[in-house]
Chemist: 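Below you'll find the structure I mean.
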Amino acid sequence: MREDLTTPAVEEAERFTAHNYHPLPVVVAEAAGAWVTDVDGRRYLDCLAGYSALNFGHRHPDLVAAAREQLDRVTLTSRAFLHDQFGPFCRELAQLCRTDLTLPMNTGAEAVETAVKVSRKWGYLKKGVPDGRATIVVAEGNFHGRTTTIVSFSTDPEARADFGPYTPGFRVVPYGDLAALEAAVDETTVAVLLEPIQGEAGVLVPPPGYLPAVRALCTRENVLFVADEVQSGLGRTGDTFACDHEGVVPDLYVLGKALGGGVVPVSAVVGRADVLGVLKPGEHGSTFGGNPMACAVGRAVVRLLTTGEYQARARELGAVMRTRLDAMVGSGLTAVRGRGLWAGIDIDPALLTGRRACERLAERGVLAKDTHGSTLRLAPPLVITADEVELAMNALEGVLKDA
Ligand SMILES: Cc1ncc(COP(=O)(O)O)c(C=O)c1O
């Protein structure tokens, strides 16, 4: 009998880590493209893609080459000096976003924190909000990260409870409800911070017209529209940004995850000079933000996105996935939502929990992740093929049939 390497690896992780995650018992040893291989040699089709951090698949050759090349040159300078990848990365990303400036950070949460700080400072310096009074309007069901300020405006008890005292200055309104948003905006409001599609909430797409109406409201009321595209951006939905589907241009984009190509953590806030320009030296920063490795890989990511190939794949393969998922509604699924190669599916709770469904999918060689009880998120890498999408859908159909 073959040696079981999974069990001791799971036990070691359980024994020596804080239990802030509850991973599936799959211990990955290698990966390429849309596939991962575990320590016992089992192969899985990755339909989570690092919560969209792996939009271009595992170890995309262009991204690995960019990282390798940079490893042989310079890896870290801190922001005390410049390096030769910094200016080009900031310019190329700003150009991809069709705006002026890039402020690089590392994680998504850091980029959200950056956007919060920039919005407040903009409010005091440019809008004339009295000092200490700035408010930011956010949506119920949001997920913007895990810092103390960000969980202060989370409505998820798991993310928020027992982490107070909470940061004030946030107003929470129902997602997709324009009237509620309008009622929450007043002269102290500096920003509306939204995910254009709520990922963690279960891939919730707002009603058509909502995002343009938010944009118009923000313009009218002199409020910044901050779009957290950490998960929805960079090709996932079939356009470069989820905002593009409705022709909306936010004042600030918050980007992360796929910006690092699944190789290094890279995040950024990207926006107009009159907004990001409020920051002066010493007021914000990060030792690792915009480091040479991050910028080299980030540039390669931007290059991949400039051809439109991955956005098109997300659209076309997303349609294949959606057709199959829609056919399962009433046969194990109660609802399907999403855009591009990104779906939230609700499993009939009478059949299976989301967790159990993910365990059964893993047994059939497909990796996915549950969220909020009986909802699953499907976000395969954009390099997946149509046949592989069918394979994943066959596995899901099998799990539902056997439940
Ligand atoms: C929309 C959104 N914003 C921010 C974050 C936080 O990113 P990170 O985990 O890199 O801090 C996430 C992570 O899932 C996210 O989905």
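Remember, predicted model here, so these are calculated numbers, not experimental data. Order of appearance sets the numbers: ligands from 1, and atoms from 1 within every ligand.
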Chemist: Which residue owns the protein heavy atom closest to atom 10 (O) of ligand 1, what's the atom, and how far is it?
Modeler: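 So the nearest neighbour among protein heavy atoms is Gly108 N, 2.8 Å.
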Chemist: Given that the side chain starts at C-beta and the backbone is N, CA, C, O, which of these parts of Tyr51 lies under 4.0 Å from ligand 1, counting heavy atoms, or is it both or neither?
Modeler: neither
Chemist: N/O of Gln231 under 3.5 Å from N/O of ligand 1, yes or no?
Modeler: yes
Chemist: Tell me whether Asp186 is salt-bridged to Arg133, with the criterion being a basic N under 4.0 Å from an acidic carboxylate O.
Modeler: no
Chemist: Specify the protein heavy atom at minimum distance from atom 13 (C) of ligand 1: its residue, its atom name, and the distance to 0.1 Å.
Modeler: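 Closest protein heavy atom to atom 13 (C) of ligand 1: Lys257 NZ, 2.9 Å.
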Chemist: Below 4.0 angstrom, N of the basic side chain to O of the carboxylate: do Arg337 and Asp346 qualify?
Modeler: yes
Chemist: Salt-bridged, Glu229 to Arg236, with N to O below 4.0 Å?
Modeler: no
Chemist: Answer yes or no: is there an ion pair linking Asp251 with Arg215, defined by an N-O contact shorter than 4.0 Å?
Modeler: yes
Chemist: Between Glu182 and Arg220, does any side-chain N to carboxylate O distance fall below 4.0 Å?
Modeler: yes
Chemist: May I ask you to check whether Ala109 has an N/O atom sitting below 3.5 Å from an N/O atom of ligand 1?
Modeler: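 Yes: some nitrogen or oxygen of Ala109 is under 3.5 Å from one in ligand 1.
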Chemist: Starting from atom 3 (N) of ligand 1, find the nearest protein heavy-atom neighbour and note its residue, name and distance.
Modeler: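 For this ligand atom, the closest protein heavy atom is Asp228 OD2, 2.6 Å.
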Chemist: Using the rule side-chain contact (heavy atoms from CB on, under 4.5 Å), only one of Asp100, Thr99, Leu252 pairs with Leu276; which is it?
Modeler: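 Only one of Asp100, Thr99, Leu252 forms a side-chain contact (heavy atoms from CB on, under 4.5 Å) with Leu276, namely Leu252.
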Chemist: Ignoring angles and geometry beyond distance, decide whether Val230 reaches within less than 3.5 Å of ligand 1 through its nitrogen or oxygen atoms.
Modeler: no
Chemist: With Arg160 as the cation and Tyr166 as the aromatic partner, state whether NZ or CZ is under 6.0 Å from the six-membered ring centre and within 45° of the axis.
Modeler: yes
Chemist: How does His144 reach ligand 1, if at all, at less than 4.0 Å between non-hydrogen atoms: by side chain, backbone, both, or neither?
Modeler: backbone
Chemist: Which ligand 1 atoms, with their elements, are less than 4.0 angstrom from a heavy-atom of Gly145?
Modeler: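 Counting from 1, the qualifying ligand atoms are 6 (C).
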